[in-house]
Amino acid sequence: VRQPFSAQDKLIFCPVYKKFNSCFPAIYRFRLKYDIVRAKTGKDVRGLNIKKRLLISNVLMLILSNALCVFAALIMYLLFFEVFNVNNNSSYNDIETFARVTGEIENTFTKWSQNQDLTLMKSDIDIFNSKNNQKYIYLSVYENNQLFYPTDSPVADQNKWFVQITGDNAPTHSGVLDRYAFYGEKINNYIAVLTCSQYGDVNSNFLKYRNNLIAYGITLFAVIIIIIGVTNYLLTRYILRYILHPLEILNYGVHQIQLGNYDYRLEYHRQDEFSIVVADFNLMAQRLRESVERQEKDNRTRKELIAGISHDLRTPLASIKAYVEGLIDGIATTPAMQKHYLETIKAKAENIDQILDKLFLFSKLEIGEFPFYPEKIDIGEELGGFIKSNSEEYKNKGLLLKMTQSINNLTVNIDPVQFHNVITNILENSVKYKNKETGSMDIACYEKKGDVYITLTDDGPGVPPAALGNIFDIFYRNDSSRNNPSKGSGLGLAISAKIIERSNGKIHAENVPGGGLRIVIMLPKSKEGGAAN
Amino acid sequence: LKKILIVEDDNSIAAIERDYLIANGYNVEIKADGKNGLNSALMGEYDLVLLDVMLPVIDGFEICRRVRSALKIPMTILSNLFRPMNSWHA
């Protein structure tokens, strides 16, 4: 059940949340809908199912890791080639720069050759050098192979050999030696030489660039691996949470069942693939419990049955043995006594025979092998006839039969012989347990809600309320004594119940206020038109 | 003549017990339920009490216990409930 003020509820009072909701009413309505369902049912219906989660996770894995990789590549490119690489002057002293500067100086040289003003020339040289010494390019002017200006040229020594080969034969000339590049031009009787002291450094720049590129590649590879790993880990954890949690719950539940705790039920409130499994698990546990209980009850019944059979057969057998021994020992001295002994033995043997017959009948009824020959019988007529022909016999046994209510022209489908057995068993039961000299048995038959009801009410001692449900169990006797074979075998009512059950009816017992037991039999009315068949 | 009380609710068993005892020269009385049996035994007129275990109203063990607490008369429990627990209990 949801707590009245959870963290989520407190969020409602947050101004940012309010602002967000007022800006996106569609999202707010969407959330509100699920909040209401959640509050009503306690179920988080907003929860995605695992299939959807997996899909989202996979898509995120693709998009997120790719986006992160591109972003990382950009950031690293900037770091590698723009921030750390401050000494990279390759753009200033490569071949292209020297060629460009050489082209640019051409105008100055033309100007000098037209207007030979030494002061102007010197100032031009100073301006050029101050402008280009950052690029390691120097302009020097020679007169008759001697350095004319600037007198302190840093490349004077390197220029010497070049100046000598530049002359009338080669008015413009260029050359490269080691890391120095030269461009010379003869202007009137002066030789101007343009020198680059870092020429060819482009090679080392390329190497540096290549090394940078390799380092960049390796680092980028490592970063991509880390990004994919971390994204994978986080997204997998996001999914696993929704799989491992229910698995743990299931695992625990299965363990509980294994330990024999069939009352254990799983609690799982999410709506996803696992909720079906959990529901089925709970159903299975319930079925298992029912089956175990049924098995235990069957075992108990079987034990009671065996104990009952052994006791009920042993009691008359003990009598027979005692009387036979009495005859052998000569206890019965007179012929009358001997006759009485033999009669007792016969009666006890018959008693055993009866018990075995009943037991046989009961077991056949129980396994459903007993043949039934149901007929359509008029129930009022049948009961009336039974009472008429048996009331004299029961009067002698001390039970007065009386038909208090009857119905006409109502038929039920039942085997008449077995129906007589049912009634006889109930009457015998009353005879055995009556606590008066003469008891009475009121028999009534009526129709209610389309079924036929037969009630047999005696005025005997009744049955303790707790035992009412047990009197139709085999060998049940509400009697502290089992030693009294005259009080029945405990099979009669069990057989009656089985016969009624087989005839699609119901039987139960209730106590009558003021003393007495009432057995109520319900039988379904046979369908109309059945008589024609 | 020694007097013996039989407390037994099965008529045929009680009768054969009685016949044996009479044949051997004892005076016998039979009670068919635990309550009457207990009352008779407590009167102290008997030299021996033969008890059944499963009796209506009060069982044989209970009769034995109650008589023992009041009187010193020999009692024998007869039963066809052959269970070790019952013999030990007796």
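Chain A is the first sequence line, chain B the second, and so forth, proteins listed ahead of strands; every chain is numbered from 1. Please read all numbers here as calculations on a predicted model, not as lab measurements.
Proximity to chain B involves both the backbone and the side chain of Ser319(A), based on heavy atoms less than 4.5 angstrom apart.
Counting non-hydrogen atoms of neighbouring residues, nucleotides and ligands closer than 6.0 angstrom, the NZ atom of Lys397(A) exceeds 12 such neighbours. The neighbour count for Lys2(B) NZ, taken as heavy atoms of other residues, nucleotides or ligands under 6.0 Å away, does not exceed 12.
Under the side-chain contact (heavy atoms from CB on, under 4.5 Å) criterion, Lys364(A) pairs with Phe360(A), Glu369(A), Phe370(A), not counting sequence neighbours. Applying the ring-ring contact (aromatic ring centres under 6.0 Å, His included) test to Phe362(A) and every residue at least two apart in sequence or in another chain returns nothing.
Counting only residues at least two apart or in different chains, ring-ring contact (aromatic ring centres under 6.0 Å, His included) contacts with residues 35-59 of chain B are absent.
At a heavy-atom cut-off of under 4.5 Å, chain A is reached by Ser12(B), Ile13(B), Ala15(B), Ile16(B), Asp19(B), Tyr20(B), Ala23(B) from residues 12-30 of chain B, listed in order of number.
For the set Asp329(A), Ile331(A), Leu317(A), the count of heavy-atom pairs under 4.5 angstrom toward chain B peaks at Ile331(A).
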